[in-house]
Amino acid sequence: MSLKAVFLDYASLDQSDLNFNQLKQQFDELYLYPSTQSEEIIERLKNADVVITNKSSLSEHTIRQLPNLKLILISATGTNNVDLVAAKQRNIPVCNCQGYGTHAVAQHTMSLILALATQVIKYNQAVKQGRWQQSEQFCFLDYPIMELAGKKIGILGYGELGQAVARLAQAFGMQILIGQLPHRPKKDGYLQLDELLAQVDILTLHCPLTPETENLIDEKELSKMKNTAFVINVARGGIINEQALATALINRTIAGAAIDVLTVEPPSTGNPLLDPNLTNLIITPHSAWGSVEARQKIVDQLTENVKAYKEKQLIRCVN
């Protein structure tokens, strides 16, 4: 089967540290573009049989103008950048990548929890500012340190990622509480959100962003938490109301937060969480998933998806 492929935005995945050899062998031609502007998409894909996209958008209008297109590969799990209905109407399968970042995201989640609990960032900054050197004691303990053993961690979204975080948390001796997501079938042992929030020392989010979970954690929910509690979000920015979180951090309604995601990425000016005065907030740049191992798994899964298509046995098909 002769196939010509175009990867519209490979630089969102590759930092010159991935092996594309197996993927390239699946095609007669593979054109790699670091990024593609919306007005360039149709021109670059006009002769393509296969398109690979991470975040570049394939709308109904675009898909209708690509008569040669036979397969759409998404180098991520999320499919919101592709019109799945339009692709299905054209009998174009859409295949994504799944489960590649479980270990990386769970690890990042625990690193954020540990950073908040141990105050490691503040202590590092203090030493570099010379404050330890000025201490009258051998140690410097200006920032409260919390042990994780015995603390309650509440997990919202108990799929593969939530369960991986739970296993790591258990290794630290934490108690695991699982929250019931709205509009989901009630599960034994899961706590309603209000009940969960009142108990947890750490709340961590691992659920998808849907109409039901948008602003799931808002002013009312944050007010129900302990003032010693931490909030972690490595899921999607819109699950937490950003202004409500900023206000809760300023007012010390909660003790701290650590997030890897924002509603607009890259962030725009005016985002309340970018306030430099929020010293009890840690932000990382949507990097939780980005280990070398996880990104290579994406390339490997793209290869598997093409092979399966050529063998007429589709895998990871989402439309």
Side-chain angles (χ1 to χ4, degrees), residues 103-156 161-179 191 196-206 217 221-235 240 242 244-262 272-288 291:
H103 297 305
V105 175
Q107 172 180 289
H108 194 86
T109 301
M110 288 308 302
S111 74
L112 294 177
I113 292 171
L114 287 165
L116 289 171
T118 64
Q119 304 271 21
V120 64
I121 294 175
K122 290 181 180 177
Y123 277 117
N124 177 59
Q125 291 172 339
V127 172
K128 291 181 177 179
Q129 292 165 358
R131 294 178 61 191
W132 186 20
Q133 296 87 316
Q134 299 164 8
S135 175
E136 295 181 0
Q137 307 297 330
F138 75 95
C139 59
F140 177 77
L141 295 172
D142 279 24
Y143 308 115
I145 299 169
M146 181 181 82
E147 290 187 1
L148 296 182
K151 298 299 188 295
K152 295 178 179 178
I153 182 170
I155 301 175
L156 276 175
L161 266 173
Q163 292 174 42
V165 170
R167 290 191 293 271
L168 295 179
Q170 285 176 322
F172 281 89
M174 302 186 75
Q175 299 180 50
I176 311 299
L177 302 178
I178 307 168
L191 301 178
L196 180 81
L197 295 173
Q199 294 187 51
V200 297
D201 300 292
I202 296 167
L203 175 69
T204 183
L205 307 177
H206 302 284
I217 306 300
E221 287 73 28
L222 292 165
S223 70
K224 297 179 184 297
M225 300 183 69
K226 302 176 184 178
N227 61 9
T228 55
F230 297 138
V231 173
I232 312 293
N233 185 13
V234 296
I240 299 180
E242 291 175 335
L245 179 59
T247 301
L249 291 168
I250 291 169
N251 295 337
R252 301 285 167 165
T253 304
I254 59 174
I259 60 176
D260 186 56
V261 287
L262 294 172
L273 296 179
L274 299 181
D275 184 346
N277 296 313
L278 293 176
T279 58
N280 51 348
L281 172 66
I282 298 171
I283 302 179
T284 52
H286 206 138
S287 57
S291 69

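For the numbers below, each heavy atom of this structure counts, side chains included, while hydrogens, waters and symmetry mates do not.
Every residue meeting the side-chain contact (heavy atoms from CB on, under 4.5 Å) condition with I178, not counting sequence neighbours, appears here in chain and number order: Y158, I176, Y190. In terms of the side chain to side chain donor-acceptor pair (under 3.5 Å) criterion, residue partners of E242 (sequence neighbours excluded) are, by chain and number, T263, N271. Take N251 and apply the side chain to side chain donor-acceptor pair (under 3.5 Å) test, not counting sequence neighbours, and it matches no residue. Under the rule for a side chain to side chain donor-acceptor pair (under 3.5 Å), the partners of N277 that lie at least two apart in sequence or sit in another chain are D275.
Contact detail for I155 and A166: the closest heavy-atom pair is CD1-CB, 3.7 Å. Of all non-hydrogen atoms in L148 and A117, the two that sit nearest each other are CD2-CB, 3.8 Å. Minimum heavy-atom separation, L273 to L281: O-CD2, 3.4 Å. Closest non-hydrogen pair, A235 versus L205, comes out as CB-O, 3.6 Å. The two residues I153 and A169 make their nearest non-hydrogen contact at CG2-CB, 4.0 Å.
Judged purely by atom type and a 3.5 angstrom limit, Q175 uses its side chain to pair as donor or acceptor with the backbone of G150.
One distance of note links CG of L203 with CD1 of I254; it measures 9.0 Å at 0.5 Å rounding. One finds the CG atom of L191 at 10.0 Å from the CG atom of L197 (value rounded to the nearest 0.5 Å). Atom CZ of F172 and atom CE of M110 lie 4.5 Å apart (nearest 0.5 Å). The CG atom of L249 lies 4.5 Å from the CG atom of N280; values are rounded to the nearest 0.5 Å. The CG atom of N124 sits 12.5 Å away from the CD atom of Q119 when rounded to the nearest 0.5 Å. One finds the CD1 atom of I145 at 13.0 Å from the CG atom of L116 (value rounded to the nearest 0.5 Å).
Residue pairs meeting the side-chain hydrogen bond (donor to acceptor under 3.5 Å, both in side chains) criterion with at least one member in residues 103-116, sequence neighbours excluded, are H108-T284. Pairs passing the salt bridge (charged side-chain N to carboxylate O under 4.0 Å, His left out) check and including a residue from residues 247-260, sequence neighbours excluded, do not occur.
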I would like to know whether L114 and V120 meet side chain to side chain contact (heavy atoms under 4.5 Å, CB included); could you show each step before the answer?
-> CA-CA 8 Å; L114 287 165; V120 64; over 6 Å; no
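For the pair M146 and I202, the minimum side-chain heavy-atom distance is below 4.5 Å.
Looking at V165, L112, V261, I259 one by one, the single match for side-chain contact (heavy atoms from CB on, under 4.5 Å) with V234 turns out to be L112.
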Can you list, pair by pair, the side-chain donor-acceptor contacts under 3.5 Å of residues 128-135, counting residues two or more places apart and other chains?
from, atom 1, to, atom 2, distance (Å)
R131, NH1, Y143, OH, 2.7
R131, NH2, D142, OD2, 3.0
W132, NE1, F138, O, 3.0
Q133, NE2, V127, O, 3.3
S135, OG, Q137, N, 3.1
S135, OG, Q137, O, 3.1
S135, OG, C139, O, 3.1

Distance-only donor-acceptor hits, side chain of residues 224-232, under 3.5 Å, sequence neighbours excluded:
from, atom 1, to, atom 2, distance (Å)
K226, NZ, Q199, O, 3.1
K226, NZ, D201, OD1, 3.0

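The number of heavy-atom neighbours closer than 6.0 Å to CD of E147, taken from other residues, nucleotides and ligands shown, is 12 or below.
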